[in-house]
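In what follows, a structure is listed as structure tokens, so that the remarks can point back to it.
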Amino acid sequence: MSDDGASAYPTQLAVSCGFCGTTDDIRWFCKRCPGSLCNSCKDSHLTILLFKNHTVVPRTNEVVRLYVPSKIAEQCQTHLDKEISTYCNECQVPCCVICLLQAHKGHDFASIEDAYLSAEKRLNDNVKELEKDVLPSLESVAGKMKKDRSENRVRIDSVKEEIDAFREEMKQVVDESCDDLLEKLDKNYIELDGLITEIENQIGKIRVLIGEIDRIIQKGDLAMIKYSPPAVSTMIPDVPIPKLLTPIFSPRKDLLTILGKRIGTLTWTDDCSDTKCAPSSSSSKASNICISKINIPKVISFSCEIGVTSITIAGNNKAWIMYNSSDTMYLYDSRGEVVKSIVVKNCKGINDMAITRSEEMIVTCWDKEVRHLSKDCQVLTLINAEPFEPSGVCLIDEDRLVVCMRDQNMANHLAVFSLSTGGKICKIRGIDGQGKQHITDPYRVVQNGDDICVVNYRSDIVCVDNRGVVRWVYDDTPNNIGGSFDPCGISVDNFHNFLITDVYNNSVLIIDSDGRLIKIIQDVEGLVCPWGICVDDETNQVWIGNTSNDVLITRYLS
């Protein structure tokens, strides 16, 4: 668009200067010719005597429509002798005059030019939105990923060197062990040779003695009576005569299997504050967790101002408590004392909340908005989620957040937004290998490493990888711990396990990162209709909120 407000006509009209043919800087229009003019030809047009009475005006869509025959007209597919002249807004199809009087009689309609211009405006608005919000967000993410990839390349090369060094150490250990076995075989062979030599020497001595006795007997004189040969017992070899055994090598094949699984694992972390991020052993810390149904002692419980549908740990033994029918958030300490409260104005109810690294808050509200709360509690609208209702929310890095988007028309999905611009980056619907969508009613969402785990409201748990592809779905069918599985809240602990509230069964399920049930917390005093849940990694305690305004804080690790 030009500075004077002139607007280029739709690109299908192939706008060019009617005199010089250029397509650059076409801002003017001669009503008399009629024709479009570039900036240069406009200045010279009125100086030519032939054109002195012509009228040159800024080129706008309205001017072109008045003086140039429509080039967007087409023949009607139903009435081939008629041109398309109108657009039916109700049926969203172009039609001719006869169609309008017959098949589209009484419908709301517009001229084909107006429909064309409306479509052009809508598409231009889409382009502007993409250029303003989506494109900068994606470019920012891509730039950050490229930078991270470059920095991570150094770490990857270092880890590869560590793996190669470990391989050489393992080779050395294997070589030393095998050399020791071979040495034992050689030593055994030499020992056998020594025994054979001693026995053969003894045999020689016995033969000499036998010859000496034979000679005395043959001589037959009194010397025979006086001769006293050595006792037979002295002729027995001093060394034991071993039973020769065939050596058999029995390699520890099970050791090969163990080594294959236990040499080490490669893990990825977003916190490499240590100078060395060594690969961890495959024996998980979660081995401390007993795979069973357990009863645990209550640590502390208290009643709060509202029912509890969402909890977010704030550190220092404190947590934010929210209820989806209240516009007020309460900060409680572990003694049940209210430390602070915040009213989110014009909010019909708070669904969920996440805290950024800079200690600002992202809040999802029933009124179809995601709001940003600064440290001084200034509330700004970050995202207008219309027509969706934003529910659960979590941060997946410094500039991206995932929001559960719910709609009565069931176009439900997860949406990834830029935290800095509020622009939508992508959708996640949870598609499996058969093309089936599993994210059907997303209520709560958490991140676990590269995975994102979603609670479908009171239905099941869906885990997707960083491409949005389904890894597993958990619906408690194989366990049948009681009645119908009724999940609502979800949290992740330091061991990458999920803790999920089961409202119907008054329990909390602990599921590992591969979707396997490893523990059930049940029959705990005060654990009634649990809904909100959040793990405090600093204390290894879990905060569980009931809809009956009670909060239970307890340990769950042995």
[X] side, atom [atom1]; [Y] side, atom [atom2] - distance, nearest 0.5 Å:
X    : Y    : atom1 : atom2 : value
S158 : K160 : OG    : NZ    : 11.5 Å
K345 : C365 : NZ    : SG    : 14.0 Å
K147 : N152 : NZ    : CG    : 13.0 Å
S310 : I350 : OG    : CD1   : 9.0 Å
M353 : C534 : CE    : SG    : 9.5 Å

Does [X] reach the side chain of [Y], with side-chain heavy atoms less than 4.5 Å apart?
X    : Y    : answer
I521 : I510 : yes
I439 : L414 : yes
R400 : D397 : yes
I544 : V508 : yes
N351 : W366 : yes
S391 : R444 : yes
Y323 : V308 : no
D550 : S301 : no

For the residue pair S374 and D376, confirm or rule out a side-chain donor-acceptor distance under 3.5 Å.
yes
So does [X] pair up with [Y], basic N to acidic O under 4.0 Å?
X    : Y    : result
K348 : D327 : no
R458 : D441 : no
D432 : K436 : no
K144 : D148 : yes
E162 : R155 : yes
E360 : K375 : no
K171 : E168 : yes
D125 : R122 : no

How far apart are the closest heavy atoms of [X] and [Y], and which atoms are they?
X    : Y    : answer
V393 : I362 : CG1-O, 4.2 Å
N412 : T440 : ND2-O, 2.5 Å
T501 : W531 : OG1-O, 2.8 Å
W320 : M322 : O-CE, 3.7 Å
I452 : V402 : CD1-CG2, 4.0 Å
D460 : P487 : N-CG, 3.9 Å

Can we call the ring centroids of Y332 and F302 under 6.0 Å apart?
yes
For the rings on F485 and Y474, is their centre-to-centre separation under 6.0 Å?
yes
Within a reach of under 6.0 Å around [atom1] of [X], are more than 12 heavy atoms found that belong to other residues, nucleotides or ligands?
X    : atom1 : result
Q437 : CD    : yes
Y330 : OH    : yes
E90  : CD    : yes

Would you find a donor on one side and an acceptor on the other, under 3.5 Å apart, between the side chain of [X] and the backbone of [Y]?
X    : Y    : value
N316 : K318 : no
S137 : S418 : no
D333 : E337 : yes
D536 : N540 : no

